[in-house]
Amino acid sequence: MKSFRVTDYYKSISINKPQLEKQFTPDIREKDVLSYEVGDPLNEEEHIVAPRLVHRYKDRVLLLVTDNCRLYCRHCFRRDFIDRGDNDITDKEIDAACLYIKNNIDVHEVLISGGDPLTLGYKRLSYLLHSLKSARDNLVIRIGTRVPIVDPDFIDNGMLDLFKSISPVWMALQVNHPDELTPRVKEVLNKLTFSGVTLLNQAVLLKGVNDNLETLKQLCQKLLEFRVKPYYIFQGDLAKGTSHLRVPISKGLKLMASLRDEVSGIAMPTYAVDIPGGGGKIPLNPDFIESEDDNFYYLKNSAGFIGKYPKE
Ligand SMILES: *Cc1c(COP(=O)(O)O)cnc(C)c1O
Ligand code: SF4
């Protein structure tokens with residue numbers, strides 16, 4: 001993805017805020033492609049079972065419905081897929097995905113992603129969601145989107161009514177900095193909540209954006225105020241030309257351990273990474289088990305206090 005795109009709204013809230021500007025402004029360092037950076041860092045192509053449909057984990061599938069977004073994030077791990085001309089999912093492709101889901105009873109959840117699915121607009125989304133529900137009426141729908149954050153006015157009453165008629169809908173947002181949680185965003189998120197949508201957040205740990213304790217603390221606390229559950233904070237994937245935005249895992253682990261001291265349990269996201277080469281997603285946990293012997297685990301808190309818990 002070489003394209004540059006930002007919305008008037010996001011641009012207006014980014015003035016004099018490098019932590020927001022960085023997310024959409026092309027950087028010369030994107031030309032630095034490291035030997036281990038690749039076009040498809042999650043090896044999604046390997047798990048394609050129908051056009052646009054990725055089936056990696058047993059009980060859930062991922063449907064990439066468009067290569068379009070309202071704002072192109074410089075750190076996007078699908079940056080080679082975004083805006084490459086695949087456009088929006090067709091009726092035929094929707095029908096094929098639904099047939100696969102119908103025939104695979106293990107599939108309990110469908111993640112709708114892209115690109116940004118909400119850019120499809122009300123009409124396409126309506127056909128998509130209703131088709132999925134007719135394929136399996138207890139299918140859990142999860143939509144990954146940044147539209148409410150980067151272009152809140154794009155969410156119209158048609159979409160809200162659609163979500164009201166389809167249940168359950170989970171929505172995974174991507175808020176990376178507390179300054180993205182504006183009063184306008186709050187209004188839209190409230191509307192989504194009142195339309196029966198359950199909101200989650202998947203942040204990306206980004207150098208110069210949110211790689212400090214105070215920012216992460218404010219982000220997680222404010223998300224709760226906006227009725228959004230912090231779900232994941234992702235370690236940057238090894239996408240081409242994104243090394244200047246990545247944070248070392250060692251720093252991420254330290255930040256997560258300190259964050260746990262600062263915020264409540266429901267404000268804590270899971271720090272996670274996709275294992276390069278296609279190993280899937282795993283949590284990265286600060287090590288609270290200091291050591292063990294035949295009889296005990298030695299558990300250590302962030303202040304250095306160690307207590308022993310028996311191996312019963
Ligand atoms: C991340 C991902 C999922 C969802 O995983 P969760 O841990 O349930 O959020 C599903 N399919 C693919 C291919 C993914 O990359
Ligand atoms: S909204 Fe998502 S898919 Fe689109 S550019 Fe940003 S991270 Fe990538």
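As the structure lists them, so they are numbered: ligands from 1, and atoms in each ligand from 1. Source: prediction; values computed, not measured.
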Quick check on Y122: does its OH atom have over 12 non-hydrogen neighbours (other residues, nucleotides or ligands) under 6.0 Å away?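 No, because the 6.0 Å sphere around OH of Y122 holds 12 heavy atoms or fewer from other groups.
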
Pairwise, report which nitrogen or oxygen atoms of ligand 1 are under 3.5 angstrom from protein nitrogen or oxygen atoms, and how far apart they are.
| unit_1 | atom_1 | unit_2 | atom_2 | d |
| --- | --- | --- | --- | --- |
| ligand 1 | 5 (O) | R60 | NE | 3.4 |
| ligand 1 | 5 (O) | K281 | NZ | 3.4 |
| ligand 1 | 7 (O) | Y232 | OH | 2.6 |
| ligand 1 | 8 (O) | R60 | NE | 2.8 |
| ligand 1 | 8 (O) | R60 | NH2 | 3.4 |
| ligand 1 | 8 (O) | R142 | NH2 | 2.9 |
| ligand 1 | 9 (O) | R142 | NH1 | 2.8 |
| ligand 1 | 9 (O) | R142 | NH2 | 3.4 |
| ligand 1 | 9 (O) | Y231 | OH | 2.7 |
| ligand 1 | 15 (O) | K281 | NZ | 3.3 |

Pairwise salt bridge (charged side-chain N to carboxylate O under 4.0 Å, His left out) hits with a residue in residues 191-219, at least two apart: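 Only D211-K251, K217-E262 qualify under salt bridge (charged side-chain N to carboxylate O under 4.0 Å, His left out).
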
Value rounded to 0.5 Å, distance of NE2 in H177 from CD1 in I149: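 The NE2 atom of H177 sits 13.5 Å away from the CD1 atom of I149.
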
Answer side chain, backbone, both or neither: which part of [X] comes under 4.0 Å from ligand 2, heavy atoms only.
| X | value |
| --- | --- |
| Q174 | side chain |
| C69 | side chain |
| I82 | side chain |

Please check this pair: side chain of R56 against backbone of G278, looking for a donor-acceptor N/O pair closer than 3.5 Å.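 Checking the backbone N and O of G278 against the side chain of R56, a donor-acceptor pair under 3.5 Å is found.
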
Of the backbone and side-chain N, O or S atoms of C76, does one lie nearer to atom 8 (Fe) of ligand 2 than 2.8 Å?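 Under 2.8 Å: C76 contacts atom 8 (Fe) of ligand 2 through an N, O or S atom.
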
Min heavy-atom dist R146 to ligand 2 below 4.0 Å: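 For ligand 2, residue contact (heavy atoms, under 4.0 Å) with R146 is present.
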
Mind checking whether R79 has a heavy atom under 4.0 Å from ligand 2?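 Under 4.0 Å: no for R79.
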
Quick one: side chain to side chain donor-acceptor pair (under 3.5 Å) pairs with a partner in residues 157-167, sequence neighbours left out?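 Of all non-adjacent pairs touching residues 157-167, none passes side chain to side chain donor-acceptor pair (under 3.5 Å).
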
Checking side chain to side chain contact (heavy atoms under 4.5 Å, CB included) between M256 and each of I233, T270, L213, L205, which is the one that passes?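 The single option meeting the side chain to side chain contact (heavy atoms under 4.5 Å, CB included) with M256 is I233.
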
Testing K17, Q174, H75, E180 for side chain to side chain donor-acceptor pair (under 3.5 Å) with Q23, which one passes?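 By the side chain to side chain donor-acceptor pair (under 3.5 Å) criterion, Q23 pairs with just one of K17, Q174, H75, E180: E180.
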
Side chains of residues 303-312: which donor-acceptor partners sit under 3.5 Å, not counting sequence neighbours?
| unit_1 | atom_1 | unit_2 | atom_2 | d |
| --- | --- | --- | --- | --- |
| K311 | NZ | E292 | OE1 | 2.5 |
| K311 | NZ | D293 | O | 2.9 |

Check whether any side-chain heavy atom of C98 sits under 4.5 Å from a side-chain heavy atom of I101, and report yes or no.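 A side-chain contact is absent here, since even the closest heavy-atom pair is not under 4.5 Å.
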
